[in-house]
There are 2 protein chains.
Amino acid sequence: MANQTLDDTDLQILQCLIDNSLRSHKEIGQLVHLSGQAVGARVRRLHDLGVIDGYTLRWNPDKIGQTVHAFVTVFMKSNTAHTAFLSFARSRPEIIEVHRVSGEGCYWMRVRLSGGGALNALLDEVLAYGNYKLSLSIEMVK
Amino acid sequence: MANQTLDDTDLQILQCLIDNSLRSHKEIGQLVHLSGQAVGARVRRLHDLGVIDGYTLRWNPDKIGQTVHAFVTVFMKSNTAHTAFLSFARSRPEIIEVHRVSGEGCYWMRVRLSGGGALNALLDEVLAYGNYKLSLSIEMVK
DNA sequence: TTCATTTACTTTCATAGTGAAAGGAAATCG
DNA sequence: CGATTTCCTTTCACTATGAAAGTAAATGAA
């Protein structure tokens, strides 16, 4: 296999697919001056290199009733609570994303819920592991 | 057009596509007991209803050298800085996502950068609009 | 230099996925 | 009761795809 590095064409293809992963290789090929098959080969390489992890949707949670979008910074109350907290976080589908962070708090997470009641219930459960700070997203402006 | 509501099958299809948007309609159809074409029609409806916004990639920014992933909460220093800050944020490709928030600060944003130097430079610019709090993502654990 | 190898591409071809159209079954409604 | 609507299936034509074969340029060794 070739060089581990990506050239400009690879990045262009990547950007193009991030924008719309259904674009055909042929169409992308016209942009980057390659045949569709050559684009296909590069996409496969991006996959092999681990640059591309998978294909997914851009979608609208509030259209299925998940109107609350919030960010929660968690401050663990003890050193032993970490693994328990992690398995809790992983088990909850309303917790979309969790990061171990340095700076403010120990963990940061993004949650999506159907309303204030659900948020209240979730935060109550978080309290078992530590304190938190909450930011509600009013609008995603970018 | 039909009812505005989505049934369980629609949600199953949605979940399936979020997991892997390249799955064929036929394969999804086998899961939800429909023909591929019926799945296609429902996917089109999800599009029309605005539930599905587009198709994109799950990918790995650190593989292209963007190794720093950070969350920045911004506290505006004046009421007039908002629009300027927004156009600044929108113009910077390293600022991936921006939300207006209630709770901690005025805005929350996610940034991806090539290293500490770039982060330092970006934060310097943010200081023109207000103060900030920074959290570095050590690892995305979910 | 010359020949062999590698890399990355194009073209060709067989296969699979797609949307459009036509037709059918069940539910709704006057 | 028949008409309409909704949602589905089947069929069909078209397009996108990956595999294979062939080509051209670059690299490297004798």
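Everything numeric here is computed off the predicted structure, so don't read it as measured data. In what follows, chains carry the letters A, B, and so on, assigned in the order in which the sequence lines appear, proteins first and then strands, with residues in each chain numbered from 1.
With hydrogens and angles left out, the side-chain atoms of A:R110 and A:H99 include no donor and acceptor closer than 3.5 Å.
Which of C:dA20, D:dG18, D:dT9 sits closest to the side chain of B:L34 comes down to D:dT9. When distances run from any side-chain atom of A:R42 to the nucleotides D:dT17, C:dA8, C:dT18, the shortest one goes to C:dA8. Of the candidate nucleotides C:dG17, D:dT10, D:dG18, D:dT10 has the atom nearest to the side chain of B:S35.
For the pair B:D10 CG and D:dC8 C1', the interatomic distance rounds to 14 Å; values are reported in whole Å. Look at CG on A:L22: it is 14 Å from C1' on D:dT17, rounded to the nearest Å. Atom-to-atom, CG of B:L46 to P of C:dG19 comes out at 13 Å; the value is rounded to the nearest Å. Between B:R44 atom CZ and C:dG17 atom P there is a gap of 17 Å when expressed in whole angstrom units. When rounded to the nearest whole Å, the span between NE2 of B:H33 and C1' of D:dC7 equals 17 Å. Rounded to an integer number of Å, the gap from A:I28 CD1 to D:dG18 P is 11 Å. The distance from atom CD of B:Q30 to atom C1' of C:dG17 is 13 Å, rounded to the nearest whole Å. If you take NZ of B:K26 and P of D:dA16, they are 20 Å apart, rounded to a whole angstrom.
Ion pair B:D7/B:R42 flagged as a salt bridge, since at least one NZ, NE, NH1 or NH2 atom sits closer than 4.0 Å to an Asp/Glu carboxylate oxygen.
Partner of B:H25 under the side chain to side chain contact (heavy atoms under 4.5 Å, CB included) criterion, out of B:L17, B:V39, B:I13: B:V39 alone. Evaluated for a ring-ring contact (aromatic ring centres under 6.0 Å, His included) with A:Y107, the options A:F85, A:Y132, A:F71 yield exactly one hit, A:F85.
Residue-level contact check: B:R23 touches neither bases nor backbone, having no heavy atom under 4.0 Å from any strand. Within 4.0 Å (heavy atoms only), A:S24 reaches sugar-phosphate atoms of the nucleic acid but no base atom.
OP1 or OP2 of C:dG19 has at least one side-chain nitrogen or oxygen of B:H25 nearer than 4.0 Å.
Tracing side-chain contacts under 4.5 Å through hydrophobic residues (I, L, V, M, F, W, Y), one reaches B:I52 starting from B:L22; they form part of the same cluster.
Below the 3.5 angstrom threshold, one finds a donor paired with an acceptor across the side chain of A:Q37 and the base of C:dT12.
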